[in-house]
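The structure under discussion appears below in the form of structure tokens.
Because the structure is predicted, anything quoted here is derived from the model rather than measured.
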Amino acid sequence: MLTIHAAPLLLPVGAAPVVDGAVAVDGDRIAALGPYEEVTAAHPAARVRRWPGLLTPGLRQDRARELLTRCYHPDPREADELGELPLRGQAFERLAATMDPARRAGSVRRGLQRMLRHGTTHLAGPLDTEDHALRTAVARSGLVRLPPSPTPPGPPDLDPFAAGGDLAGTAGAPLTVGGRADLAAFDVPDEAALRAGGARACVATVLAGRLVHRAR
């Protein structure tokens with residue numbers, strides 16, 4: 001079924017912003033984008049999903065390998081002991097010393113899920129490795145793999161905006177008719193607020209046309 005994703009502001013990147021914008025998705029492709037009234041008039045039978053704030057392209061995570069192999073993403077059942085944030089540095093090394101393959105694979109899967117919750121649809125970096133847990137989880141996730149990007153300064157962060165880039169420099173690919181339907185919605189009023197507050201404002205992530213994250 002064709003689905004229209006709509007929001008008060010559409011920022012397609014590479015094209016002008018659209019107030020009260022919409023993106024029509026057919027399968028894994030973008031069928032149309034533009035003003036909501038025009039898109040819905042052209043596709044009157046489509047299901048409509050309305051989101052607050054912004055619609056943007058899905059984001060690119062430049063520190064994917066570090067986040068997945070040098071951080072531990074706690075299981076919710078471990079929150080009392082380990083907290084909810086990724087563990088890195090010495091805390092990670094202490095866990096890694098006794099971590100069995102199943103626990104490590106679970107961390108990788110949770111790391112990918114948490115990236116989706118931050119609007120990420122593209123992963124940059126060397127991810128086709130001999131690391132079976134990493135290779136398998138990334139392949140099954142459906143996230144787009146890109147060549148390595150220059151490593152931003154500072155520690156790795158699930159928020160792709162943590163390095164200080166703008167939307168054009170952080171998006172995986174612009175939204176275009178005929179392009180793959182990778183997009184995200186953020187509950188903020190404009191790009192400045194998105195950059196200031198970060199991708200934790202994500203309320204929905206669409207990966208190849210599938211709604212893979214929806215904030216409760």
By side-chain contact (heavy atoms from CB on, under 4.5 Å) - contacts of Pro17 (at least two apart): Leu9, Leu11
Who passes salt bridge (charged side-chain N to carboxylate O under 4.0 Å, His left out) against [X], sequence neighbours left out?
| X | answer |
| --- | --- |
| Arg103 | Glu78 |
| Glu191 | none |
| Asp187 | none |
| Arg77 | Asp75 |

Would a distance-only check, ignoring hydrogens and angles, find a side-chain to backbone donor-acceptor pair under 3.5 Å from [X] to [Y]?
| X | Y | answer |
| --- | --- | --- |
| Thr136 | Ala133 | no |
| Asp182 | Ala208 | yes |
| Arg60 | Gly169 | yes |

Just distance, no hydrogens or angles: give the donor-acceptor pairs under 3.5 Å from side chains in residues 86-93, sequence neighbours left out.
from, atom 1, to, atom 2, distance (Å)
Glu93, OE2, Arg70, NH2, 2.1

Note, Leu167 side chain near Val13 side chain (heavy atom, < 4.5 Å): yes
Taking salt bridge (Lys or Arg N to Asp or Glu O under 4.0 Å) as the cut-off, I'd like each qualifying pair that reaches into residues 196-209, sequence neighbours left out, listed once. Asp157-Arg200, Asp159-Arg200
Please tabulate, for the side chains in residues 44-55, all donor-acceptor contacts under 3.5 angstrom to protein atoms that are two or more places apart in sequence or on a different chain.
from, atom 1, to, atom 2, distance (Å)
Arg47, NE, Thr3, OG1, 3.4
Arg47, NH2, Thr3, OG1, 3.0
Trp51, NE1, His5, ND1, 3.1

Under the side-chain hydrogen bond (donor to acceptor under 3.5 Å, both in side chains) rule, collect the residues that match up with Ser149, sequence neighbours excluded. Asp62
His73: side-chain hydrogen bond (donor to acceptor under 3.5 Å, both in side chains) partners, not counting sequence neighbours: none
For residues 9-18, which residue pairs qualify under side-chain hydrogen bond (donor to acceptor under 3.5 Å, both in side chains), counting only residues two or more places apart or in two chains? none
Residue pairs passing the side-chain hydrogen bond (donor to acceptor under 3.5 Å, both in side chains) test where at least one lies in residues 105-123, sequence neighbours excluded: Tyr72-Arg110
What pair of heavy atoms forms the shortest contact from Ser141 to Leu207, and how long is it? O-CD2, 3.3 Å
When clusters are formed by joining ILVMFWY residues with side-chain heavy atoms under 4.5 Å apart, either directly or through shared neighbours, do Ile30 and Leu10 land in the same one? yes
Report the C-alpha distance between Met115 and Leu67 in whole Å, list the side-chain angles of each, state the deciding distance to 0.1 Å, and finish with yes or no for side chain to side chain contact (heavy atoms under 4.5 Å, CB included). CA-CA 9 Å; Met115 290 180 190; Leu67 284 165; 3.8 Å; yes
